[in-house]
Amino acid sequence: MKKTNSFFKKIISRRNTAKILSDMAARLNIRILVTDAGDNIIADIGQDGEFEKSGNSGNSMVSYPINAGGDDQIGFIKGSEGCALVASVIDCIAEIESDKRDLTSELLSKYREINLFYDFAENINIRTDFNEMAKLTSMQISELLNADSILIILKNENTGLLEVVFAFGEGAEKYTPLKPEDAVIPERVILSGRAEIVNDLSADVELAGILPKKTGSVLCTPLRIQNRVTGAIYLINENPIAYTSENLKLLMVFSSQIAAFIENGRLLQNLQETFISTVYTLAETIEMRDSYTGDHTRRVMNYSLAIGRNLGISGDELETLKLSSILHDIGKIGISDSVLLKPGKLKDDEFEIIKSHTILGEKILKNIKQLNHIIPGVKYHHERYDGKGYPEGLGGEDINLMARIIAVADSFDAMTTDRPYRKGLSCDAAFSELKKCSSTQFDPAIVDAFIEAFPDIKEK
Ligand SMILES: [Fe+2]
């Protein structure tokens, strides 16, 4: 760190230094003049007239430079010959103070790094979205390390090509997609599993063969997921700068955080997929007992999701709609075959038993904590907009939105599906039926959303 005049002035003005100077001046019986590098007097200590400033005779003034262990002079101790000892003591004090200052500044910088890491670790734990995590991480990296672009790169397991899954920084756009010449260093890092610093790209033997005029400095660290290197963090500075091994270590810490996040996300996705497929199998088992010709569950789910998207539902809410629609009839598990599969008209008491599948569904789902949130959609999918449905006779928007959507999707599929005892309606005839029952059986807004979204469903 550069030492300045103000730094020297500060040392000389300290009470301890001032005392040392005045004690030495008294003991040696000399006058001491302290100046900064620009020859401005900082202190004038001791007896008057002890030396002649002109230096012509007697105790002429001698000047001793102070450089505090560095190359630059930060001041002078001036006086008679006896001042050599004073100068040596002051030089020692200045050097100690200078080391202290460097150490303090290094400590402050480490403290800042630790603080940033702490914030980073705390924030990353409460975030589940990859892009949000990647943005936060890149912001932290760019605050600590100079970077024009930060890229998170993953190797596509099927094609073997490197893909930029996240790019940060003003110059990052040109690296998406990653050109073969820009992939040279990340490829090398992924292959070897070793992080790299290249402070002058034009001197990189491999890269120079492809892009001889490419300049700049880069840091690249491997992303290890499940003990395999599956990607890299690539930090690019378009102008050559001197990255250090400390900088590389810092980037490696971020890499391990990102890798852990990606791995957790992958595990969570696997878990969710297994969960959905288990739920799906369960729904299909129920469907097999019923008199539908098959694929009812999938169609009700597709219709429900199309309505949901048309109404602007997304994210977790759409996921709830998906599960609710798949499991809307789960309560039928508890209805005996003699009632559930009875051909022809049901007696009143038998119809009451069928109606109980809504309450039975609630009972089953109450025992599965992960599915508690879909209970309203399942329990109320036979409520009517005019309040004449079951199990509670709720009306209008008092009926859960998921349930109102499933009611339309389920009824449409029931109307358009062939049964052993009757042929299914055409889509247009079923639309007319839905419209006819708008505001009585169904929420009119949902009927409209379904009819509007239907062409998209058919195209799929
Ligand atoms: Fe039902």
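Read the numbers this way: they start at 1 and go in the same order the structure lists the ligands and their atoms. What's counted below: heavy atoms across the whole structure, side chains too, no hydrogens, waters or symmetry copies.
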Check your understanding: Within a strict 4.5 Å, meaning less than it, do heavy atoms of the Arg299 and Phe412 side chains meet?
Key ->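 No; the side chains remain at least 4.5 Å from each other.
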Review point. Is there a side-chain contact between Glu132 and Lys135, using heavy atoms and a 4.5 Å cut-off?
Key: no
Practice item. Consider only side-chain N and O atoms of Asp182 and Tyr234, and report whether a donor and an acceptor are under 3.5 Å apart. Key: no
Exercise for review: Tally every protein N/O/S atom whose distance to the Fe ion (ligand 1) is less than 2.8 Å; waters are neither shown nor counted.
Suggested key: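 My tally for this metal is 4.
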Review point. Looking at Phe450 versus Phe442, is the centre-to-centre ring distance below 6.0 Å?
Key: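 No, too far apart.
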Practice item. Could you name each residue pair satisfying ring-ring contact (aromatic ring centres under 6.0 Å, His included) that touches residues 375-402, not counting sequence neighbours? Key: His328-His381, His357-His381, His357-His382, His382-Tyr390
Check your understanding: Counting N and O atoms only, with roles assigned by atom type, does the side chain of Gln73 sit under 3.5 Å from a partner on the main chain of Ile66, one being a donor and the other an acceptor?
Key ->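 Side chain of Gln73 to backbone of Ile66, a donor-acceptor pair under 3.5 Å: no, none is there.
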